[in-house]
Enquirer: 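Have a look at the structure that comes next, please.
Side chains included, hydrogens not; waters and symmetry mates left out as well; all remaining heavy atoms used. Here is the naming used below: chain letters follow the sequence lines, and residue numbers restart at 1 for every chain.
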There are 2 protein chains.
Amino acid sequence: MVRKKTSIKDIAKALGVSITTISFIINGKAEEKRISKEMVKKVEDYVAKVGYRPNHLAQSLRSGKSKVLVLMVEDISNSFFSNIARLIEEKAFKNDYKIIYCSTENSTEKAKELIHTFKSRNVDGFIITPTADLKFEIENLIKENFGVILFDRWIPGLDCSHVIVENRRSSFEATQHLIDTGAKKIIFITVSSDQTQMQDRLKGYLEALELANLSPFVFEEPFHSSSEEFMGDQIKEFLLNHPDADALFFATNYLAFEGLHAIRKLELRIPEDLQVLAFDDHFFFSLYQPSISAIAQPLEGIAEKLMEGILNQLDENIESKTFKVELANQFVPRKSTFSKS
Amino acid sequence: MVRKKTSIKDIAKALGVSITTISFIINGKAEEKRISKEMVKKVEDYVAKVGYRPNHLAQSLRSGKSKVLVLMVEDISNSFFSNIARLIEEKAFKNDYKIIYCSTENSTEKAKELIHTFKSRNVDGFIITPTADLKFEIENLIKENFGVILFDRWIPGLDCSHVIVENRRSSFEATQHLIDTGAKKIIFITVSSDQTQMQDRLKGYLEALELANLSPFVFEEPFHSSSEEFMGDQIKEFLLNHPDADALFFATNYLAFEGLHAIRKLELRIPEDLQVLAFDDHFFFSLYQPSISAIAQPLEGIAEKLMEGILNQLDENIESKTFKVELANQFVPRKSTFSKS
DNA sequence: TTGAAAGCGTTACCAA
DNA sequence: TTGGTAACGCTTTCAA
């Protein structure tokens with residue numbers, strides 16, 4: 001048996017009624033259009049009986065709307081993004097929107113292709129963790145009146161709604177926390193990236209050190225190894241050259257995982273030999289021994305604000321300006337850093 | 001500026017050519033239809049110039065195909081699923097398919113709604129981690145000629161393609177591994193679920209114990225607590241009542257995380273006081289101290305077979321039977337269990 | 001209170 | 001070689 005869905009036309013034929021009438025009733029416009037009670041009942045009963053479901057494709061083609069939002073993240077297997085994805089989906093459902101996720105794998109080409117394919121499927125809006133190269137595409141989306149909101153980072157020189165966190169401030173405060181414990185040589189471990197969130201985390205670190213008159217030491221990891229065997233080898237190398245380091249501040253949680261591998265290989269004690277702190281909390285950090293201090297991003301708040309921002313854009317009754325939100329993080333001190341007291 | 005895309009009709013008008021001709025050229029049927037070189041060039045140049053992109057919605061509506069596959073998993077924030085998602089997406093892209101992910105959150109209602117909404121958007125196929133309650137919907141999908149393939153678990157009494165792993169055998173072998181170290185009281189920690197993969201993991205454990213003439217001890221966790229504070233409290237309670245336990249075998253990795261919390265609270269040493277083993281490996285297990293032995297599922301193989309299975313179904317040239325694959329896992333011994341030697 | 005018909009952007013059949 | 005036109009399933013305007 002091949003697909004054979006009942007359409008409005010079939011219903012019209014079976015009931016001897018026009019498709020217009022059916023359409024009105026299905027779309028809850030019976031009252032407005034003053035359709036008789038009997039007619040409404042007749043149609044509704046039949047619709048229920050045959051289990052009719054409207055074809056969304058046809059609806060979208062005709063109306064230009066689809067009730068679908070796209071969530072484009074860098075990598076869905078990263079727990080930060082997959083957690084955000086789950087929260088957003090939950091909220092979207094409540095607002096009668098469906099979410100389509102996809103990963104860009106940090107490839108601008110792939111991101112562009114995805115944007116084009118979804119545009120031509122009439123999705124209503126995009127929630128994106130962008131790369132700077134996406135500026136042109138995003139400008140176009142805005143011009144073409146799609147809902148667009150960025151998160152995690154934003155694009156300099158582009159006036160677009162976004163939801164980010166206080167990267168600089170949290171990084172500054174966390175660094176100060178380390179300085180307060182007496183650490184003199186604090187290493188900032190990051191990846192080579194000009195993404196705004198990474199730059200801001202770096203800035204916060206640098207500012208705190210400057211204020212304390214300490215010298216900064218930044219290690220930019222040139223590439224990632226996800227192989228268990230080599231995890232952390234680059235950081236290990238760096239640490240060997242800096243045996244007097246007091247503390248490591250990791251710009252992301254996955255860097256911290258690599259760092260922990262390195263620290264284990266070097267048989268260093270945390271926090272006695274080396275304090276450890278990471279941006280972006282992870283359940284792992286509370287379970288590791290010793291537990292790892294981290295800066296927790298407000299996942300729930302981010303998801304909430306993203307939905308709020310994009311729904312406002314899509315609501316034609318609201319005159320929406322660009323919506324720019326910066327949320328506070330929470331520093332979670334654990335055993336890997338000395339308490340200030 | 002509001003959305004205003006050039007359509008085939010616009011091109012036809014601008015070039016004074018019929019839309020049929022344009023359609024042929026765009027779809028690479030120029031040769032087949034013997035369109036003249038000049039015409040092809042004229043059209044292609046214009047298409048490139050205005051950056052025309054076909055409307056996928058309209059294409060799907062007309063053709064019934066969409067080149068979109070849906071991946072419905074239980075919870076996208078679970079690392080097993082998000083890793084599978086990434087791999088599948090990668091493979092789908094290579095085959096010119098787009099992937100839409102969504103989470104069912106283990107709600108049959110939500111799953112049904114998702115299936116219906118995607119059906120009415122003409123997606124070509126579904127890759128699903130099903131619950132037993134979804135049997136009827138899935139039967140319908142098959143009847144209606146959608147591509148369907150299940151993974152992680154399957155539905156008894158339903159003849160549907162699937163890709164699963166050797167749950168029973170791996171569980172059996174892992175249990176034997178524990179028995180070989182001399183463990184007498186091995187606790188199997190699982191969740192209350194009739195899903196096939198959970199049942200099979202349990203069976204493997206029971207069989208190995210029976211063979212060795214040992215008594216089974218199964219703890220079914222009644223509910224999950226994701227709050228850091230209470231993580232592992234239920235397991236802790238259980239362990240207090242079984243102080244003579246030699247080993248814990250966790251049916252999933254997230255149960256193991258809870259268990260590790262419990263073990264830490266009780267200040268037990270791994271593996272001296274208690275050996276630990278988990279189904280479904282996680283990067284965490286190699287980093288934890290001591291590292292945790294685990295059964296690793298072949299993520300890459302699962303993704304590969306899933307794509308192969310569903311692409312076969314969608315290829316009209318292939319007469320596809322139901323495609324049932326069971327893949328081997330790999331036991332990864334680490335420090336949390338004694339080596340056999 | 002209900003219906004006819006145009007149109008959304010394609011594809012595919014048949015004709016020229 | 002190319003073009004006309006119906007059809008995919010729906011919404012919406014206008015007419016009855």
Enquirer: Does anything in residues 41-55 of chain B reach DNA chain D, meaning a heavy atom under 4.0 Å, and if so which residues?
Expert: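 Heavy-atom contacts with DNA chain D come from no residue of residues 41-55 of chain B; none.
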
Enquirer: Are any of S36(A)'s side-chain N or O atoms less than 4.0 Å away from OP1 or OP2 of dT2(C)?
Expert: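 It does, given that an N or O in the side chain of S36(A) lies less than 4.0 Å from OP1 or OP2 of dT2(C).
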
Enquirer: Nearest whole Å is fine: how far is dT11(D) C1' from I35(A) CD1?
Expert: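 Taking CD1 of I35(A) and C1' of dT11(D), I get 14 Å after rounding.
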
Enquirer: Can a side chain N or O of S18(B) be found less than 4.0 Å away from OP1 or OP2 on dG3(D)?
Expert: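 True: S18(B) side-chain N/O within range (under 4.0 Å) of dG3(D) OP1/OP2.
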
Enquirer: Does a side-chain N-to-carboxylate-O contact under 4.0 Å join K41(A) and D45(A)?
Expert: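 A salt bridge is present here (some side-chain N lies under 4.0 Å from a carboxylate O).
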
Enquirer: For the residue pair F80(B) and F151(B), does the interplanar ring angle fall in the parallel (under 30°), tilted (30 to 60°) or perpendicular (over 60°) class?
Expert: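 The rings of F80(B) and F151(B) sit tilted, inter-plane angle from 30° to 60°.
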
Enquirer: Please give me the minimum heavy-atom distance between F323(A) and S161(A), naming the atom from each residue.
Expert: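 Minimum heavy-atom separation between F323(A) and S161(A): N-OG, 2.9 Å.
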
Enquirer: One thing to verify: whether K91(A) and E300(A) come together as a salt bridge, which I'm taking to mean a side-chain N less than 4.0 angstrom from a carboxylate O.
Expert: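 Yes, charged N to carboxylate O under 4.0 Å.
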
Enquirer: Distance check needed: dG9(D) P versus N122(A) CG, whole Å only.
Expert: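 About 18 Å, once rounded to whole Å.
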
Enquirer: In terms of the nearest nucleotide of DNA chain C, which residue is placed more toward the 5' end: I8(B) or R34(A)?
Expert: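 Counting from the 5' end, the first nearest nucleotide belongs to R34(A).
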
Enquirer: Which of the following nucleotides, dG9(D), dT11(C), dG3(C), is nearest to the side chain of T21(A)?
Expert: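 Comparing dG9(D), dT11(C), dG3(C) against the side chain of T21(A), the answer is dG3(C).
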
Enquirer: Taking only N/O atoms, report every protein-nucleotides 12-15 of chain D pair under 3.5 Å with atom names and distance.
Expert:
unit_1  : atom_1 : unit_2 : atom_2 : d
dT12(D) : OP2    : K29(A) : NZ     : 3.0

Enquirer: In whole Å, what is the span from the NZ atom of K9(B) to the P atom of dG3(D)?
Expert: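 After rounding, the reported distance stands at 16 Å.
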
Enquirer: Going by the side-chain contact (heavy atoms from CB on, under 4.5 Å) test, name the single residue among I138(A), I128(A), L141(A) that passes it with C160(A).
Expert: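 So the option named by the test is I138(A).
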
Enquirer: Check L61(A) against A58(B) and note the closest heavy-atom contact, atom names and distance.
Expert: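 What the structure gives for the nearest pair is CD1-CB, 4.0 Å.
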
Enquirer: Would you kindly say whether S77(B) and D75(B) are connected by a side-chain donor-acceptor distance under 3.5 Å?
Expert: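 Side chains of S77(B) and D75(B): pair found under 3.5 Å.
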
Enquirer: Tell me the interatomic distance from K65(A), atom NZ, to dC8(C), atom P, rounded to whole angstroms.
Expert: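 Spelled out: NZ on K65(A) to P on dC8(C) is 16 Å.
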
Enquirer: How many Å lie between CG on L15(B) and C1' on dG3(D), as a whole number?
Expert: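 L15(B) atom CG is separated from dG3(D) atom C1' by 14 Å.
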
Enquirer: Quick one about S18(B) and T21(B) (side-chain donor to acceptor, distance below 3.5 Å, no hydrogens or angles considered), yes or no?
Expert: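 A pair is found: one side chain offers a donor N or O, the other an acceptor, under 3.5 Å apart.
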
Enquirer: Quiz question: by atom type and distance under 3.5 Å, do the side chains of T117(B) and H56(A) form a donor-acceptor pair?
Expert: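 Side chains of T117(B) and H56(A): pair found under 3.5 Å.
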
Enquirer: Can you name the closest pair of heavy atoms from F146(B) and Q313(B) and give their distance?
Expert: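 Where F146(B) meets Q313(B) most closely, the heavy atoms are O-OE1, 4.1 Å.
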
Enquirer: If I take atom CZ in residue R121(A) and atom P in nucleotide dG9(C), what distance separates them, rounded to the nearest angstrom?
Expert: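 Between P of dG9(C) and CZ of R121(A): 16 Å.
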
Enquirer: How far does the helix from dT1(C)-dA16(D) to dA16(C)-dT1(D) bend, going by the axes of its first and last five pairs, to the nearest 10°?
Expert: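 End-to-end axis angle for the helix from dT1(C)-dA16(D) to dA16(C)-dT1(D): 50°, rounded to 10°.
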
Enquirer: Could you tell me how far apart N27(B) (CG) and dT10(C) (P) are, to the nearest whole angstrom?
Expert: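 After rounding, the reported distance stands at 10 Å.
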
Enquirer: Is it the case that K33(B) places NZ or CZ above or below the six-membered ring of F24(B), under 6.0 angstrom from the centre and within 45 degrees of the axis?
Expert: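 Yes - K33(B) lies over the ring of F24(B), closer than 6.0 Å to its centre and within 45° of its axis.
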
Enquirer: For residues R153(B) and T196(B), is any side-chain donor paired with an opposing acceptor at under 3.5 Å?
Expert: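 Not at all, the side chains of R153(B) and T196(B) share no donor-acceptor pair under 3.5 Å.
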
Enquirer: Expressed as a whole number of angstroms, how long is the span from I22(A):CD1 to dC10(D):C1'?
Expert: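 Rounded to the whole Å, the gap is 12 Å.
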
